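Everything numeric in this text was worked out from a predicted model, so none of it was measured. Reckoned from all heavy atoms, side chains included, excluding hydrogens, waters and symmetry mates.
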Amino acid sequence: MSAVSPPRRMILNAFTMNCVSHIQQGMWSRNDTRQTEFNSLEPWLELARIAEKGCLDTIFLADVMGLYDNYQGGADTSFREAMQVPVNDPMLLIPAMALNTRHLGFAFTSSVLQAHPFTFARQLSTLDHLTEGRVAWNVVTSYLPNAGSNLGFDGLPPHDERYARAEEYLEVVYKLLEGSWADDAVVRDEDRHVYVEPDRVRAINHRGTYFNVAGPHLSSPSPQRTPVLFQAGMSERGRTFAAQHAECIFVVGSSRSGAALAQDLHQRARVQGRSHTDMKLIGGVAPIVGGTESEALEKRASYEEHLSIEAGLAHISGNIGVDLGGIDPDQPLETFRTERVQGFIKNLLDSAPAGTRTMGDLIKSNLAGAWLTGSVEQVANELERRFRSGLDGFNLTYTVTPGTFVDFVEGVVPILQERGLVQREYATGTLRKKLFGHDRLPLSHPAAAVRF
């Protein structure tokens, strides 16, 4: 690619989910949040306007395809506490929010288990067309057994098998999005009465272990071809997968382990023939912002009164695949084994000396979320410190919505802008061009190998 990458700046995403309660469990019962209005469009349009006013890069929509149903032997707690259920499709929000914004990007989560890659590739192209290239796909392999059962599998496939499926899934998507249509296939020649030159479109004839897809792709090339690729796997296999495919990697872990994690991912990327400039490392944070530190602490104390311990335990039980209703909080983490979210446990272990982390620490870290509490200056200072330490940006998790985002946009963003860390206005072009300086995936990316 001949385009020059834009100067390094802090990436900010509004992290949310099309449901009642996402990460900070129990807050939906407060009267200063719109979480229970998630079935309506207006709250989402309001959030999109707030995010664009603050020059945030994207609204990042999480998703699950199953229930957290192993806490105390079932899903009762999840239903009572609205813990990621009911949950609606994130993709369907994007066209409405895009119509009400000009520059804001939209990242959404979709599992490689949930839709056939041929169908999903057409959905990707459609969204990229409708948003004029402002879409990102968060590639996930799923971690809830109920999701596997819902999608035609006998429970959840083993961890490494899910990544093997993901590798082939992406191969098919790349062939469809990048390799099926030439850039000049669509001519719209009224004189010759030719809209598409037939010899500029080809089948992909993919035959693999999991998928057989003839093609060709049914959608014409969209502004980005392949949307910006997000990924969040932090297990050993997940890191290798991310280093090969992802452009924005959602890293989960303490700020103490961030530098080592960045070094590890960059080294893996070099092995894959990619540069560290081809990827952005995105941390997670839940800001609780006040005009002063005391105001922020008062706000946090109020939030803690509504924090649901039961829903939090149900959440982490589903994440790690163990019913924490009867877990020994003093059990050393090193003795714990799971086929589920391995990276979650690995990052907690990496954040402290060996033998010092227990299951109780894991529970507490999850229930406390990633709260960052302080005055606008204190929050800005800490984000700058983490940015200087190697993270490229942050997924901003709400405690109440849209209040958490309003506080951040009105209080913290101006300080970060004044320091030259956050954009004051949007660059033109697609989401990838805003983030990386070019519309298409670079030649170092595996998708480039299958281009027409």
Go through the side-chain N and O atoms of [X] and [Y] and say whether any donor and acceptor fall under 3.5 Å apart.
X    : Y    : result
H116 : Y169 : no
S317 : N70  : no
T109 : W137 : no
H245 : E167 : yes

Any donor and acceptor pair, going by atom type alone, linking the side chain of [X] with main-chain N or O of [Y] inside 3.5 Å?
X    : Y    : value
S180 : L177 : no
N146 : L67  : yes
Q263 : A260 : no
T101 : A48  : no
Q417 : V422 : no
R432 : D439 : yes

Practice task
Could you please spell out the steps behind the side-chain hydrogen bond (donor to acceptor under 3.5 Å, both in side chains) verdict for K175 and H206?
Solution key: CA-CA 8 Å; K175 287 178 178 178; H206 175 89; 2.9 Å; yes

With a 4.0 Å cut-off, would you call [X] and [Y] a salt bridge?
X    : Y    : result
E42  : R49  : yes
R225 : E178 : no
E384 : R419 : yes
D32  : K299 : no

Looking only at heavy atoms, which two atoms of [X] and [Y] are closest? And how far apart?
X    : Y    : result
P223 : T430 : CB-CG2, 3.9 Å
V186 : S220 : CG2-CB, 3.8 Å
G291 : S375 : O-CB, 4.0 Å
G390 : L281 : O-CD1, 4.4 Å
A296 : G374 : CB-O, 3.3 Å
Q114 : S111 : OE1-N, 2.9 Å

Sequence neighbours excluded, every pair satisfying salt bridge (charged side-chain N to carboxylate O under 4.0 Å, His left out) that has a member inside [range]:
range            : value
residues 112-137 : none
residues 196-207 : D184-R200, R192-E197
residues 8-19    : R8-D392, R9-D57

Residue [X] excluded, over 12 heavy atoms near [atom1] under 6.0 Å:
X    : atom1 : result
R102 : CZ    : no
E418 : CD    : no
E425 : CD    : no
H266 : NE2   : yes

Exercise for the section: May I have the step-by-step check of salt bridge (Lys or Arg N to Asp or Glu O under 4.0 Å) for E382 and R386, ending in yes or no? Expected result: CA-CA 6 Å; E382 177 58 20; R386 298 184 192 183; 2.8 Å; yes

When you compare the side chain of [Y] with that of [X], does any pair of heavy atoms fall below 4.5 Å?
X    : Y    : value
L372 : Q378 : no
L156 : S142 : yes
W371 : Q24  : yes
L383 : F394 : yes
V64  : Y143 : yes
V112 : R162 : no
L12  : M10  : yes
I94  : L61  : yes

Practice task
Determine, step by step, whether I59 and L104 satisfy the side-chain contact (heavy atoms from CB on, under 4.5 Å) criterion, reporting the C-alpha distance in whole Å, the side-chain angles of both residues, the deciding distance to 0.1 Å, and the verdict.
Solution key: CA-CA 8 Å; I59 290 179; L104 182 68; 3.8 Å; yes

Exercise for the section: Evaluate side-chain contact (heavy atoms from CB on, under 4.5 Å) for R274 paired with Q244, printing each intermediate quantity in order. Expected result: CA-CA 8 Å; R274 301 179 69 199; Q244 181 178 3; 5.6 Å; no

State the [atom1]-[atom2] distance between [X] and [Y], to the nearest 0.5 angstrom.
X    : Y    : atom1 : atom2 : answer
I288 : T404 : CD1   : OG1   : 7.5 Å
N100 : L45  : CG    : CG    : 4.5 Å
Y303 : M27  : OH    : CE    : 8.0 Å
Q35  : F38  : CD    : CZ    : 10.5 Å
H217 : L176 : NE2   : CG    : 6.0 Å
T119 : L124 : OG1   : CG    : 11.0 Å

Exercise for the section: Assess whether side-chain contact (heavy atoms from CB on, under 4.5 Å) is satisfied between Y195 and V187, documenting all intermediate values. Expected result: CA-CA 5 Å; Y195 192 88; V187 294; over 6 Å; no

Problem - Pairing residues for Y163 by the ring pair (Phe, Tyr, Trp, His ring centres under 6.0 Å) criterion, not counting sequence neighbours - result: H159, F241

Exercise for the section: Not counting sequence neighbours, list each pair that qualifies as a ring pair (Phe, Tyr, Trp, His ring centres under 6.0 Å) and has a residue in residues 405-432. Expected result: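 Qualifying pairs: H103-Y426.
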
Practice task
Over 60° means perpendicular and under 30° means parallel, so classify the ring planes of F15 and F60, tilted if in between.
Solution key: perpendicular

Exercise for the section: Using the side-chain contact (heavy atoms from CB on, under 4.5 Å) rule, take V251 and L391 through it: C-alpha gap first, then chi angles, then the decisive distance, then the call. Expected result: CA-CA 9 Å; V251 297; L391 289 178; 3.5 Å; yes

Identify all side-chain donor-acceptor contacts of residues 79-93 below 3.5 Å with residues at least two apart in sequence or on another chain.
from	atom 1	to	atom 2	distance (Å)
R80	NH2	T77	OG1	3.4
E81	OE1	S308	OG	3.2
E81	OE2	S308	OG	3.2
Q84	OE1	Y68	OH	3.0
Q84	NE2	H22	O	3.0
Q84	NE2	H315	NE2	3.4
N88	ND2	N39	OD1	2.8
D89	OD1	M91	N	2.8

Exercise for the section: Show your working on salt bridge (Lys or Arg N to Asp or Glu O under 4.0 Å) between R440 and D183 and close with a plain yes or no. Expected result: CA-CA 12 Å; R440 302 283 298 279; D183 289 337; 3.4 Å; yes

